[in-house]
Amino acid sequence: GRSWAVAPDTICYNQLLAIAEAEEQWMVATSLLECLQGSSCLADVVSFNSAISSMQKARAWTRAFQKMCALRVAPLQPDVVTFSALVSAAEKAQRWSLATQPL
């Protein structure tokens with residue numbers, strides 16, 4: 001029989017990242033984002049937003065801000081979803097000064 005192999009693309013990774021975000025599995029999201037970045041696919045702002053949001057929901061605020069730096073190095077432009085997740089992460093960690101600093 002014939003074997004069909006389909007390589008995952010950015011959309012597949014983004015769907016998996018969205019599931020990790022919904023389940024508040026920030027470590028899974030981090031691993032997925034790293035796999036995506038190491039693949040032939042290109043991570044996009046949606047990829048980073050899902051990872052950052054999963055970290056925000058899990059109260060891993062330092063990781064969320066680290067991913068923001070990685071997003072800019074990618075080089076991608078953060079959007080309103082990115083900033084909202086970061087402000088929420090700072091709020092949950094009671095790090096108000098982070099929420100008011102320019103990102």
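- Judged purely by atom type and a 3.5 angstrom limit, Ser53 uses its side chain to pair as donor or acceptor with the backbone of Asn49.
- Between Phe48 and Leu76, the closest side-chain pair of non-hydrogen atoms falls below 4.5 Å.
- Rounding to the nearest 0.5 Å places OG1 of Thr30 at 9.0 Å from CD of Gln66.
- Residues Gln25 and Ser54 form no side-chain contact, since every pair of their non-hydrogen atoms from C-beta on lies 4.5 Å or further apart.
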Pair Glu23-Val28, side-chain contact (heavy atoms from CB on, under 4.5 Å): steps then yes or no: CA-CA 10 Å; Glu23 296 296 322; Val28 172; over 6 Å; no

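- Applying the side chain to side chain donor-acceptor pair (under 3.5 Å) definition to pairs two or more places apart or across chains, those involving residues 7-20 are Asn14-Asp44, Asn14-Ser47.
- A 4.5 Å side-chain heavy-atom check between Lys67 and Trp26 finds every atom pair outside the cut-off.
- Grouping Ile, Leu, Val, Met, Phe, Trp and Tyr residues whose side-chain heavy atoms lie under 4.5 Å apart, directly or via other members, places Val81 in a hydrophobic cluster with Val80.
- Met55 and Val87 fall into different hydrophobic clusters, where Ile, Leu, Val, Met, Phe, Trp and Tyr side chains are chained together by heavy-atom contacts under 4.5 Å.
- Note that CG of Leu42 and CG of Leu36 are 8.0 Å apart. Values are rounded to the nearest 0.5 Å.
- Here the CZ atom belonging to Arg72 is positioned 7.0 Å from the CD atom belonging to Gln77, to the nearest 0.5 angstrom.
- Using a 4.5 Å cut-off on side-chain heavy atoms (C-beta onward), Phe83 and Met68 make contact.
- Of the inter-residue distances, the one linking Leu16 atom CG with Leu32 atom CG reads 5.5 Å to the nearest 0.5 angstrom.
- The two atoms that bring Pro78 and Val45 nearest to each other are CA-CG2, 4.3 Å, heavy atoms only.
- Considering all non-hydrogen atoms of both residues, Ile52 and Ala85 come closest at CG2-CB, 3.8 Å.
- Considering all non-hydrogen atoms of both residues, Glu24 and Ala58 come closest at O-CB, 4.1 Å.
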